[in-house]
Amino acid sequence: MSNAKNLLTIKDLHASVEEKQIIKGLNLDIKPGEVHAIMGPNGAGKSTLGYVLSGRDGYTVDSGAVTLDGKNLFEMETEERARAGLFLAFQYPVEIPGVSNLEFLKASVDAQREARGEDAITSADFLKEAKAACKQVNLPIAFLKRGVNEGFSGGEKKRNELMQMLLLKPKLCILDETDSGLDIDALQVVAEGVNSQRSADRSFIVVTHYQRLLDYIKPDFVHVLSDGKIVKSGDASLAHELEAQGYAWLQKEPAEDELEG
Amino acid sequence: MTEQIDKALAREYEAGFVSDVESETFEPGLDESVIQRISEMKGEPEWMLEWRLSAFREWLEMEEPDWALVDYPKIDFQAISYYSAPKSMKDKPKSLDEVDPELLRTYEKLGIPLIEQQMLAGIAVDAVFDSVSVVTTFRDKLEEAGVIFCPISEAIKKHPELVKKYLGSVVAKKDNYYSALNCAVFTDGSFVYIPKGTRCPMELSTYFRINEQNTGQFERTLIIADEGSHVSYLEGCTAPQRDENQLHAAVVELVAMDNAEIKYSTVQNWYPGDENGKGGIYNFVTKRGICHTSAKISWTQVETGSAVTWKYPSCILKGDNSVGEFYSVALTRGRQQADTGTKMIHIGKNTKSTIITKGISAGKSNNSYRGLVRMNPGADGARNFTQCDSLLIGDQCGAHTFPYVESRNPSAIIEHEATTSKVSDEQMFLCRQRGLDPEKAVSMIVNGFCKEVFKELPMEFAVEAGKLLEISLEGSVG
């Protein structure tokens, strides 16, 4: 497989949190337009992978290499990775009181456009886009004026993440357990939003514990992550297999104290 | 993150330049002869000198207060010069054309154009440089409306009946150590009188600038809003960057007669000292207003400067149905210390007060809210709502809240809410993951935190305050 064609290449990645190694030799290639699901038991390192790729403080890369669009990801600051097209939809989106969604989104879009040498979008045009995005994720327009995630329900927060994705138009979207805490209706809204964004030049990493989300977002590949490594890869049918069998078969020896949920 | 904050907090103070203006400055030292000389320089009437001297005698008997949560070496009051004025002010300029161009440049550098044609928003400005008022703009237009806006030194001569009646009527001479000192040695400041039923046609503002070394600035502001009148007033302050501490002990008195409304906003940006706490202004200020029947006084302050701040803008709600408000943003970083808050004294029936404060601490600074809400026995149906929020940036700073509540009326209602939060790693990560650089992220989070207070500022100044916070936070995370 030639690297030039890959959007994301992960080679033998080892990474730790608080000196405990969580990712232990992970390899993954993602081509433009592909949707990869990453499944696995709690503590396998699913969320850690998203944080390591996006450059969260406290997540240390021990060895290995990752390139995004051919560029060394680990030479970029967190915000530079975002501007290069990496987007992480959070499992637990945080609140920023007093900063309106609209203000936050405009600042984010402005920062990204500026970094890419694009012209700034006018406030009027942006408002139009933002309203459309709001509608698409089924949030009332009034949410644009509310503080970022301030007092939002779990489902509203997830839809807000999706709205940010629609406006930022990233190349690589990492959805970190976006399905957790969603009822079936909200799940469908989110899945439809994601599906509407699938295109030949946008790839997804869908991190999930359950197969349910993958009924709505059909992955091209499914990978099983266990103890920091991909132990099995396949097509969408692998997800159904896992649903039927659970993850117990992966753990031949008893799990050590696991850090991460 | 803390290490990065420390490193980055060594940002430049933009107003820290010194103007090369020839000055006439008193030798350091304080006794009755110094006060006599100040009074003489100002060409004051005899009664004013007597007033000063009696305050000075009271002051000599008083003790420096030590109850605030601030720590600074004892001030040597004999090492301070109590009067400094640009030489060119000896024959007071009659118009802007006669003002020393170097002085005009100073204010321009600070972003305060005094040239009337450039005054876009139509704001009348009184510029106080060290001990004297340099110039007051738009006076003709104000006079048409019957509004008096002039240096207090001029009011003492031209409007003695008003000054005699109200000076010291809200903040008594011996109210506290610094107010007594101010009464004895104040040199200039602004005087405002709004006649009955008049809405002041423009925002009034005073910009205070300390320039000379080893001088204290003791300004005095008196605002009288007669029955049914309305005025909005803003003060701004800056000082050069110096290694020595300088004392600023001002007194502001507001009088709101029946149905009058005074909105008093402050953007305080005195030199805060360097990151090790060297230099900076000691800002020991007494601000108080009295509200008569159905009157309203609203204090809004954005405090980002000074090495030590000791300041409690207060309202005496004397008249029935009167309203007091206090909105405050206080940002400390480096080694800054702020002990600030308000006092709401409810005397009249159905009086209402609102206190909303936002304290932001970064670096190794300490930021305290100290507030008193008192319901007197006659304050039937009085209400207070207090909300004190603290935001911490990094893990070496402190935020403290000292609310004092005294209720002597069972029908009074007092509510107090307080929160402390941190600029969290999660918030920073979310912002950066969306493409914002860390500085933009912090300033956005802090501005969001302050939103409730900024919306109380006059429009143009809300923008200014937001920018000031942004500058103050520059490099507060790396």
Side-chain angles (χ1 to χ4, degrees), chain A residues 50-51 53-59 76-116 145-150 157 160-161 163-165 167-170 172-174 176, chain B residues 1-5 8 327 329 356-360 387 389-395 417 419-457 462-463 465-466 469-470 473 477-478:
Chain A
Y51 290 148
L53 293 179
S54 52
R56 181 168 189 169
D57 281 350
Y59 289 75
M76 293 188 240
E77 294 288 345
T78 307
E79 58 274 18
E80 291 168 338
R81 299 180 197 186
R83 293 166 191 167
L86 189 151
F87 179 93
L88 175 68
F90 289 84
Q91 184 178 2
Y92 303 109
V94 67
E95 298 188 3
I96 309 180
V99 177
S100 80
N101 241 337
L102 193 65
E103 186 186 345
F104 176 70
L105 288 166
K106 177 77 163 56
S108 304
V109 168
D110 284 350
Q112 296 211 9
R113 290 178 77 109
E114 197 191 324
R116 292 195 292 256
K145 290 214 168 151
R146 286 177 55 177
V148 176
N149 294 319
E150 202 179 348
K157 284 181 181 171
N160 203 32
E161 293 292 293
M163 177 162 75
Q164 293 168 32
M165 187 183 95
L167 290 166
L168 289 167
K169 305 183 180 72
L172 175 66
C173 310
I174 304 168
D176 186 10
Chain B
M1 207 159 97
T2 314
E3 199 180 301
Q4 294 163 315
I5 291 170
Y327 301 100
V329 166
I356 295 181
T357 72
K358 307 279 177 178
I360 302 134
Q387 186 188 328
D389 297 325
S390 306
L391 183 69
L392 303 171
I393 304 175
D395 53 11
E417 289 177 9
T419 66
T420 302
S421 52
K422 269 190 85 159
V423 172
S424 68
D425 291 349
E426 282 91 351
Q427 288 171 328
M428 288 298 290
F429 180 53
L430 168 61
C431 292
R432 296 181 68 188
Q433 211 301 306
R434 297 305 183 244
L436 301 174
D437 57 47
E439 287 183 2
K440 175 77 186 163
V442 170
S443 91
M444 187 182 252
I445 293 165
V446 171
N447 266 295
F449 175 74
C450 300
K451 191 158 274 179
E452 276 171 286
V453 172
F454 284 172
K455 73 176 179 9
E456 297 298 329
L457 283 171
V463 177
L469 273 198
E470 204 158 320
L473 286 164
V477 258

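Basis for what follows: all heavy atoms, side chains included, without hydrogens, waters or symmetry-related copies. We name chains A, B, ... by the order of the sequence lines, and we start the count at 1 in each one.
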Are there any donor-acceptor pairs closer than 3.5 angstrom between chain B and chain A, and if so, which ones?
from   : atom 1 : to     : atom 2 : distance (Å)
B:Q427 : NE2    : A:E95  : O      : 2.9
B:R432 : NE     : A:E79  : OE1    : 2.7
B:R432 : NH2    : A:E77  : OE1    : 3.1
B:R432 : NH2    : A:E79  : OE1    : 2.9
B:Q433 : OE1    : A:L88  : N      : 3.0
B:Q433 : NE2    : A:L86  : O      : 3.0
B:R434 : O      : A:Q112 : NE2    : 3.0
B:R434 : NE     : A:Q164 : OE1    : 2.6
B:R434 : NH1    : A:L88  : O      : 2.8
B:R434 : NH2    : A:L88  : O      : 3.2
B:R434 : NH2    : A:E161 : OE1    : 2.7
B:R434 : NH2    : A:Q164 : OE1    : 3.2
B:G435 : O      : A:R83  : NE     : 2.8
B:G435 : O      : A:R83  : NH2    : 2.9
B:K451 : NZ     : A:G98  : O      : 2.7
B:K451 : NZ     : A:E103 : OE1    : 3.2

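- Summarising the geometry of B:G435 relative to A:A82, their closest heavy-atom pair is N-CB, 3.6 Å, with the distance given to 0.1 Å.
- For a residue to count as touching a neighbouring chain, one of its non-hydrogen atoms must lie under 4.5 Å from one of that chain's; by this rule A:L105 does not touch chain B.
- Only the side chain of A:L168 has a heavy atom closer than 4.5 Å to any heavy atom of chain B.
- For A:V148, the part lying near chain B is the side chain, with the backbone staying farther off; criterion is any non-hydrogen pair under 4.5 Å.
- For chain A, the nearby parts of B:C431 are the backbone and the side chain; heavy atoms of each come within less than 4.5 Å.
- Pairs of residues two or more places apart, or lying in two chains, never qualify as ring pair (Phe, Tyr, Trp, His ring centres under 6.0 Å) while including a residue from residues 433-453 of chain B.
- Across every non-hydrogen atom of A:A107 and B:L436, the tightest pair is O-CD2, 3.4 Å.
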